[in-house]
Amino acid sequence: MQGPDPIGFFDSGVGGLSVMREVRSLLPSENFIYYADSAYCPYGAKPPEVIRARAFAICDFLLSRGAKMIVIACNTTSITALDDVRKRFRVPVVGTEPAVKPAAAVTRNGKVGVLATMVTLSGERFNTLVDRYGCGVQVYTQPCPGLVELVESGGFQKPEAEEMLGRYLEPLLARGVDTIVLGCTHYPFLRPLVEKMVGKDVAVIDTGKAVARQVARVLKEHGLLNAGQEAGWELFYTSAGPAEVEPVVRLLWGRPDLAVERVKV
Ligand code: DGL
């Protein structure tokens with residue numbers, strides 16, 4: 001593939017596609033490369049130094065493929081390593097963090113629930129987000145082990161999905177939250193099920209659209225927007241076997257002919 005330099009995205013697996021699809025709908029002529037670190041998925045209970053080292057290795061790869069910007073399409077990595085990645089690389093870096101601020105603006109009863117990984121919820125950066133933006137709002141957190149694996153396997157419509165989500169939503173609903181933050185980029189693929197389970201009176205929020213707007217702003221600021229009018233392309237890479245990853249990427253990206261190439265980094 002040739003043409004203007006791409007934006008590089010990565011996540012522990014396929015979850016970051018929920019962010020990339022929002023960037024695609026806002027910036028139809030940008031080119032994208034996506035790295036799914038599926039051989040190391042899930043990140044959600046890994047030590048910070050492992051997550052940081054994976055982020056560095058993947059960013060090296062994305063830059064070697066000409067990325068003009070990096071989007072960390074993973075809350076867990078952003079909470080753990082956003083500052084380190086920004087310090088280390090010369091291109092602009094946009095992170096993805098749980099939507100605590102928008103949730104604090106939306107809640108009517110001052111009670112917000114956040115679903116995310118263990119690492120995200122125990123990160124210093126998450127506490128800062130809550131202190132800074134959650135003022136006056138009660139924020140209840142719920143780690144969700146197993147949900148990422150469920151999405152990775154393409155099983156969002158399986159009965160296990162509803163059963164597992166029920167276990168994680170119940171304690172938040174019991175506290176009376178009226179707003180739920182999907183604080184992991186895998187979870188927006190479960191949004192229809194979450195919305196069905198929580199009912200119309202509970203708002204469900206994720207950060208995909210906000211990240212897309214930030215990507216557009218930062219590209220513009222740096223004079224990096226692609227001025228061309230042609231539709232952009234996407235290339236997909238993974239650290240695991242394409243036989244496992246490709247069917248799910250095809251399903252989530254909605255392109256049955258796309259290929260995922262294995263590149264170990
Ligand atoms: N999509 C990642 C996130 O947003 C999932 C982390 C994991 O692999 O556990 O946090």
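When a ligand or atom number is given, it counts from 1 through the structure's own listing order.
- Taking atom 9 (O) of ligand 1 as the reference point, the nearest protein heavy-atom neighbour is Gly44 N, 2.7 Å.
- Counting heavy atoms under 4.0 Å from ligand 1, residue Val148 touches it through the side chain alone.
- Side chain of Asp206 to main chain of Pro188: no donor-acceptor pair is present (N/O by atom type, distance under 3.5 Å, no hydrogens or angles).
- Note: Phe156 CZ to Arg191 CZ = 15.0 Å, rounded to the nearest 0.5 Å.
- Looking at Thr185 against ligand 1, both its backbone and its side chain come within 4.0 Å, counting heavy atoms.
- For Met118, the CE atom is loosely surrounded, since the number of other residues' heavy atoms within 6.0 Å does not exceed 12.
- Proximity of Ser12 to ligand 1 is established by a heavy-atom distance of less than 4.0 Å.
- In the vicinity of Asp11, heavy-atom distances shorter than 4.0 Å reach the ligand 1 atoms 1 (N), 2 (C).
- In this structure a side-chain-to-backbone donor-acceptor pair under 3.5 Å is present from Arg54 to Val265.
- A donor-acceptor contact under 3.5 angstrom links the side chains of Thr76 and Thr117, judged on distance only.
- Nearest protein neighbour of atom 7 (C) of ligand 1, counting heavy atoms only, is Tyr43 N, 3.2 Å.
- Remark: the backbone N or O of Pro4 is paired with a side-chain donor or acceptor of Asn31 at under 3.5 angstrom.
- Nearest protein neighbour of atom 10 (O) of ligand 1, counting heavy atoms only, is Thr76 OG1, 2.5 Å.
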